[in-house]
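As the structure lists them, so they are numbered: ligands from 1, and atoms in each ligand from 1. All residue numbers refer to positions in the sequence shown, counting from 1.
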Amino acid sequence: MSVTTIGVFGATGRMGQRVLACAATDPSLKISAAYERPTHPAIGKDVGEIAGLGAIGVPLAGEIGTPPDVIIDFSTPESSVELSKVCAERGLRLVLATTGFSAEQKEVITQAAKKTAILWAPSMSLAVNVAMKLVADAGRALKDVSSGVDVEIIERHHRFKEDAPSGTALKFGEIVAQSMGQTEHVHGREGRIGQRPRHEIGYHALRTGDNVGEHTIVFGLMGETLEVTVRGNSRDSYAQGALTAAKFLAGRPAGLYSMADALGLNA
Ligand SMILES: NC(=O)C1=CN([C@@H]2O[C@H](COP(=O)(O)OP(=O)(O)OC[C@H]3O[C@@H](n4cnc5c(N)ncnc54)[C@H](OP(=O)(O)O)[C@@H]3O)[C@@H](O)[C@H]2O)C=CC1
Ligand SMILES: O=C(O)C1=N[C@H](C(=O)O)C[C@H](O)C1
């Protein structure tokens, strides 16, 4: 059996710890490194201890020393962008799961993927990526309904989330616009007086408690409503997806890959 070595960037965060925990039980993976910012108070401590797994012999590092086969990143937009530049310079493969990028930051990542293999997805979840296919199909089927179809996207996440709407909600909106042709993306309805125009997609973000992530795409027709909903029950859905992505990416040439590639959903 071939073994893929991974390094986890943002290792002490909510997602970083679940990635470490899931990887530790997978014999086809070896955790060889874990990173945080160089000034992080836990630098040098065993990351297994930090993640509640017991010691695994991997100290938390502030920089990339001997590189793993693939780095998995769940951190912040600023640190992810810097990481993508380092990966491009050193030819390191990167699973990039962070969300909340500006247009300029997205361009830096896109350029980095010309020099190394980057799998970039706002959701590593299998169910979410299958839902993306369903939503594209629904959009194509409903695009020409003469009385019009209104699309609104509702997402719910935990109170600690720092970006809104979620990267996944924005991706769902992109997919809907590609399949149906809406030209405007509207966030909330306050101050929007008058009837709803047809050419917009509405986004609504809720932040409550410890919700690990829910997305509902509402297609409102005259006389009926179609909704596609995905609910995360545990962060392990994203962590397992990121590990699948790392195994897929190992040994790949430079380029920008998606979760649909890793899951074989493009076939
Ligand atoms: N694609 C997907 O499937 C998913 C994506 N996400 C996204 O992943 C990101 C992280 O989420 P979550 O784990 O909840 O967030 P957390 O805030 O819990 O974790 C982020 C971690 O990144 C660390 N970090 C910050 N700066 C650096 C740096 N320069 N170098 C290394 N590490 C750094 C933080 O450290 P410190 O605390 O010191 O700042 C923290 O430990 C978010 O953008 C989220 O939206 C989340 C779930 C699923
Ligand atoms: O911050 C989170 O938690 C999540 N973020 C991602 C997003 O912004 O889409 C993915 C998932 O929904 C969890």
Looking at Arg198, Arg192, Arg196, which one forms a salt bridge (Lys or Arg N to Asp or Glu O under 4.0 Å) with Glu184?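 Exactly one pass, corresponding to Arg192.
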
message: My understanding is that only residues two or more places apart in sequence, or in another chain, count here; which of them pass side chain to side chain contact (heavy atoms under 4.5 Å, CB included) with Glu89?
response: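 Testing Glu89 for side chain to side chain contact (heavy atoms under 4.5 Å, CB included), a comparison that skips the adjacent residues, returns none.
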
| said: If you apply the rule side chain to side chain donor-acceptor pair (under 3.5 Å), what do you find for Asp69 with Thr5, and how did you get there? | reply: CA-CA 5 Å; Asp69 293 328; Thr5 59; 3.2 Å; yes

Counting each atom of ligand 2 from 1 as listed, which ones have a heavy atom of [X] under 4.0 Å away?
X	result
Tyr238	11 (C), 12 (O), 13 (C)
Gly167	7 (C), 8 (O), 9 (O)
His158	1 (O), 2 (C), 3 (O)

Give the residue and atom name of whichever protein heavy atom lies nearest to [atom], and the separation in Å to one decimal.
atom	value
atom 8 (O) of ligand 2	Lys161 NZ, 2.7 Å
atom 9 (O) of ligand 2	Thr168 OG1, 2.5 Å
atom 8 (O) of ligand 1	Phe74 CD2, 3.6 Å
atom 10 (C) of ligand 1	Ser75 O, 3.3 Å
atom 13 (C) of ligand 2	His157 NE2, 3.5 Å
atom 46 (C) of ligand 1	Met15 CG, 3.7 Å
atom 28 (C) of ligand 1	Ser79 CB, 3.4 Å
atom 10 (C) of ligand 2	Pro122 O, 3.3 Å
atom 39 (O) of ligand 1	Arg37 NE, 4.1 Å
atom 32 (N) of ligand 1	Glu36 OE1, 3.3 Å
atom 16 (P) of ligand 1	Arg14 NH2, 3.6 Å
atom 5 (C) of ligand 1	Ala97 O, 2.9 Å

At less than 4.0 angstrom from any non-hydrogen atom of [X], what atoms of ligand 1 do you find?
X	value
Thr76	25 (C)
Ser123	1 (N), 2 (C), 3 (O)
Thr12	41 (O)
Ala121	1 (N)
Lys161	45 (O)

State whether the number of non-hydrogen atoms from other residues, nucleotides or ligands found under 6.0 Å of [X] atom [atom1] is greater than 12.
X	atom1	result
Lys45	NZ	no
Arg156	CZ	no
Asn266	CG	yes
Arg231	CZ	no

Record the part of [X] in heavy-atom contact with ligand 1 below 4.0 Å; permitted values are side chain, backbone, both and neither.
X	result
His40	side chain
Glu78	neither
Thr99	both

Given Phe9, Phe160, Tyr35, which one has a non-hydrogen atom that is nearest to atom 30 (N) of ligand 1?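 Ranked by closest heavy atom to atom 30 (N) of ligand 1, first place is Phe9.
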
* **Sub-6.0 Å ring centroid separation between His199 and His185** =>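 Distance test on ring centres: not under 6.0 Å, no.
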
message: Among Leu243, Val95, Asp26, exactly one meets side chain to side chain contact (heavy atoms under 4.5 Å, CB included) together with Ile6. Which residue is that?
response: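 Answer to the side chain to side chain contact (heavy atoms under 4.5 Å, CB included) test with Ile6 among Leu243, Val95, Asp26: Leu243.
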
Legend entry - side-chain contact (heavy atoms from CB on, under 4.5 Å) evaluation trace for Met132 with Lys171: CA-CA 8 Å; Met132 286 176 179; Lys171 183 69 186 173; 3.6 Å; yes

(request) Assess the side chains of Thr12 and Glu36: does a donor N or O sit below 3.5 Å from an acceptor N or O? (result)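 Looking only at side-chain atoms, Glu36 and Thr12 do form a donor-acceptor pair, the distance falling under 3.5 Å.
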
Check the angle between the aromatic planes of His215 and Phe172 and answer parallel, tilted or perpendicular using the 30° and 60° thresholds.
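Rings of His215 and Phe172: tilted, as their planes differ by 30° to 60°.
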
- Query: Does the pair His158 and Arg235 meet the rule for a side-chain contact (heavy atoms from CB on, under 4.5 Å), with working shown?
  - Reply: CA-CA 11 Å; His158 50 96; Arg235 287 195 169 84; 3.4 Å; yes

message = Quick check: do Glu152 and His204 have side-chain heavy atoms less than 4.5 Å from each other?
response =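 The answer is yes, as the side chains (C-beta and beyond) meet within the 4.5 Å cut-off.
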
Is Glu82 close enough to touch ligand 1? Criterion: a residue heavy atom under 4.0 Å from a ligand atom.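 The answer is no, since Glu82 has no heavy atom less than 4.0 Å from ligand 1.
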
### Query
Within less than 4.0 angstrom of ligand 1, does Pro122 place any heavy atom?
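Pro122 counts as a contact of ligand 1 under the 4.0 Å cut-off.
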
Margin query: I'd like to know whether Phe248 forms a ring-ring contact (aromatic ring centres under 6.0 Å, His included) with Tyr257, so could you lay out the CA-CA distance, the side-chain angles of the two residues, the decisive distance to 0.1 Å, and finally the verdict.
Written below: CA-CA 10 Å; Phe248 167 83; Tyr257 298 90; 5.7 Å; yes

- Which bit of His215 is near ligand 2, meaning a heavy atom under 4.0 Å away: side chain, backbone, both or neither?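 For His215, only side-chain atoms sit under 4.0 Å from ligand 2.
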
**Request:** With side-chain contact (heavy atoms from CB on, under 4.5 Å) as the test, would you mind laying out the steps for Glu104 and Val108 before giving the verdict?
**Result:** CA-CA 7 Å; Glu104 292 74 23; Val108 175; 5.9 Å; no

Next on the checklist: Within the protein, is there a heavy atom lying under 4.0 Å from atom 22 (O) of ligand 1?
Outcome noted: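 Yes, there is a protein heavy atom closer to it than 4.0 Å.
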
(message) Does this structure show an ion pair linking Arg207 with Glu155, if we count only N-O contacts that are shorter than 4.0 Å?
(response)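 Salt bridge between Arg207 and Glu155, a charged N being under 4.0 Å from a carboxylate O: yes.
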
inquiry  = Taking only non-hydrogen atoms of Phe160, do any sit less than 4.0 angstrom from ligand 2?
reply    =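 No, Phe160 has no heavy atom closer than 4.0 Å to ligand 2.
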
Practice item. Report yes if some N/O of Gly16 lies less than 3.5 Å from some N/O of ligand 1; otherwise report no. Key: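 N/O-N/O distance under 3.5 Å: no.
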
